Amino acid sequence: LVDNGSTDGSAAFVGEHFPQVEVIALPENRGFAAGNNVGIRASSGEYIALLNNDAQPEPHWLEALVQALEAHPEVGFCASKMLRADDPQVIDTAGDLFYDYGVGGKRGMDQLDGPEFSRSEYVFGACAGAAIYRRAMLEDIGLFDEDFFLYGEDIDLSFRAQLRGYKCLFVPEARVYHQVAATAGWGSYLSTYYSRRNMLYVLVKNLPTSLLVRYLAPILFYFLASDLVLSLAGYARAVARARRDSFKMIAKMMAKRREIQSARRVSDGYIKSILTRGQLHARINTIARQLRHGHLRPL
């Protein structure tokens, strides 16, 4: 158990009541990325399963994920079917997407569960809130990027995996019920800042140059329009800080980009084929609607 700098006595409680559990107590909160990396490095299994503290799995969740990896040797990681805890008929995510305007998204978000989300298929990536990874893949591509701290680190890892030729499989039998944004909160300064900053990190590190040029216009439109909508809605300070800090890190992210792109094993055409064609106006309208109803999600 990695205790990520908690202050409520969790580590001591586990040590007293569950002495068989090895506790790694970090002196401070190092974020989702680093906290999970500490646990991954301390583990020894062939597979690494991650489950958020706000996600409740069905009894056979882990079994379904392991069986999927064992049945599909070409697959490096698997995505769960994550349903809304407050409305289990509604999808939170059925695997991650990456839009051609440069931002990640949730497949099936806010749609009713149904036949479309009941078949196993390849997807762009997996939400790390409920996913499984082959250790061999993580040793090849690297763990979560700790510069992200929170949000977007799983999209970045998914993109790096795809660039190396590892496929992601959506496993509909692996069901969890997700209390969305239970930790960071809906539309908080924290979620807005990190999600805006980190999406630029993902883009700079991973999108091949030819596709960056091809989609530059919609990418710029999305980032400028969504920043404007958020700023007008009262998130200007979070947006400004996110942009300032992301540009400060451009040189470091470009260095990571050179390493990632030099080690890729797939063509630009393959990456283009796994991107989702975006509906920009619909996405901006969704942001505005969520703001009006006070339910802004990490973007």
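Everything quoted here is computed from the prediction, not taken from an experiment. Below, each value reflects all heavy atoms present in this structure, side chains not excepted, and no hydrogens, waters or symmetry copies.
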Query raised in the report: Between N52 (side chain) and A130 (backbone), is there a donor-acceptor pair under 3.5 Å?
Result: no

Report task. Report whether L26 and F149 are members of the same hydrophobic cluster (ILVMFWY, side-chain heavy atoms less than 4.5 Å apart, transitive linking). Result -> no

Query raised in the report: Would you say the side-chain atoms of R257 pair up with the backbone N or O of L207, donor to acceptor, closer than 3.5 Å?
Result: yes

Query raised in the report: Would I40 and F144 satisfy side chain to side chain contact (heavy atoms under 4.5 Å, CB included), going step by step from the backbone distance to the final call?
Result: CA-CA 10 Å; I40 292 169; F144 294 112; 4.3 Å; yes

Query raised in the report: Among D92, D154, D96, which residue meets the salt bridge (Lys or Arg N to Asp or Glu O under 4.0 Å) test with K106?
Result: D92

**Report entry** Residue pair Q179 / A85: nearest heavy atoms and the distance that separates them
**Finding:** OE1-CB, 3.6 Å

**Report entry** Common cluster, M199/M253, ILVMFWY with side-chain heavy-atom separation under 4.5 Å
**Finding:** yes

Query raised in the report: Which one of R265, R134, R160, R135 satisfies the salt bridge (Lys or Arg N to Asp or Glu O under 4.0 Å) criterion with D140?
Result: R265

Query raised in the report: If you look at every heavy atom in N4 and G35, which pair is closest and at what distance?
Result: ND2-CA, 3.8 Å

Query raised in the report: If every non-hydrogen atom of S80 is compared with every non-hydrogen atom of A174, which pair is closest and at what distance?
Result: CB-O, 3.3 Å

**Report entry** Side-chain touch F124/R107, heavy atoms, less than 4.5 angstrom
**Finding:** no

**Report entry** side chain to side chain contact (heavy atoms under 4.5 Å, CB included) between L212 and I219, intermediate numbers included
**Finding:** CA-CA 8 Å; L212 186 60; I219 288 170; 4.0 Å; yes

Query - Reported CZ-to-CD distance for the pair F170 and E121, which is rounded to 0.5 angstrom - result: 7.5 Å

Query raised in the report: For the atom pair OH (Y215) and CG (L220), what is the distance rounded to the nearest 0.5 Å?
Result: 15.0 Å

Report task. Drop me the distance from S195's OG to L200's CG, to the nearest 0.5 angstrom. Result -> 12.0 Å

Query - Stepwise side chain to side chain contact (heavy atoms under 4.5 Å, CB included) check, Y201 with K256 - result: CA-CA 10 Å; Y201 289 175; K256 293 181 181 185; over 6 Å; no

Query raised in the report: Hey, does H72 have a side-chain heavy atom less than 4.5 Å from the side chain of C78?
Result: no

Query raised in the report: Mind checking whether F13 and H17 have parallel, tilted or perpendicular rings, split at 30° and 60°?
Result: tilted

Query raised in the report: Between V202 and F98, is a side chain to side chain contact (heavy atoms under 4.5 Å, CB included) present by the stated rule, with each step listed?
Result: CA-CA 10 Å; V202 173; F98 198 85; 3.7 Å; yes

Query raised in the report: Can you tell me how far the CZ atom of R258 sits from the CD1 atom of I260, to the nearest 0.5 Å?
Result: 11.0 Å

Query raised in the report: Is it true that D100 and K272 make a salt bridge, defined as a side-chain N closer than 4.0 Å to a carboxylate O?
Result: no

Query raised in the report: Can you name the nearest heavy-atom pair linking A79 to G95, along with the distance?
Result: CB-CA, 3.9 Å

Report task. Determine whether D54 and H178 make a side-chain contact, defined as any pair of heavy atoms from C-beta on separated by less than 4.5 Å. Result -> yes

Report summary line: Closest non-hydrogen atoms of A42 and I24, given as atom of the first, atom of the second and distance, are CB-CD1, 3.6 Å

Query raised in the report: Are F117 and V176 joined in one hydrophobic group, where the rule is that I, L, V, M, F, W and Y side chains link up if heavy atoms are under 4.5 Å apart?
Result: no

Query raised in the report: Considering only heavy atoms from C-beta outward, does the side chain of R175 approach that of D113 to under 4.5 Å?
Result: yes

Query raised in the report: Under 3.5 Å, is there a donor-acceptor pair between the E153 and Y194 side chains?
Result: no

Requested in this report: Would you mind reporting whether Q162 and Y270 have side-chain heavy atoms less than 4.5 Å apart?
Outcome: yes

Query raised in the report: What's the spacing between E46 CD and E70 CD if we round to 0.5 Å?
Result: 7.0 Å

Query raised in the report: Would V38 and F148 show up in the same hydrophobic cluster when neighbours are defined by side-chain heavy atoms closer than 4.5 Å?
Result: no

Requested in this report: Report yes if some heavy atom in the side chain of L169 is under 4.5 Å from a heavy atom in the side chain of Y122; otherwise report no.
Outcome: yes

Query raised in the report: Out of curiosity, does L69 fall in the hydrophobic cluster containing V171 (side-chain heavy atoms, cut-off under 4.5 Å, transitive links)?
Result: yes

Query raised in the report: Do K167 and E74 sit within salt-bridge range, that is, some charged N less than 4.0 Å from a carboxylate O?
Result: no

Query raised in the report: Which atom names give the shortest non-hydrogen contact between G114 and S118, and what distance separates them?
Result: O-OG, 2.9 Å

Query raised in the report: How many angstroms lie between atom CG of L97 and atom CD1 of I274, to the nearest 0.5 angstrom?
Result: 11.0 Å

Query raised in the report: Does any non-hydrogen side-chain atom of E173 lie less than 4.5 Å from one of H60?
Result: no

Query raised in the report: Between the main-chain N or O of D86 and the side-chain N or O of R84, is there a donor-acceptor pair closer than 3.5 Å?
Result: no

**Report entry** Y133 and L157, any side-chain heavy atoms less than 4.5 Å apart
**Finding:** yes

Query - Q111 side chain to V90 backbone, donor-acceptor under 3.5 Å - result: no

Query raised in the report: Without hydrogens or angle criteria, can the side chains of R196 and S246 be said to hold a donor-acceptor pair below 3.5 Å?
Result: no

Query raised in the report: Got a salt bridge between D147 and K205, using NZ or NE/NH1/NH2 to carboxylate O under 4.0 Å?
Result: no

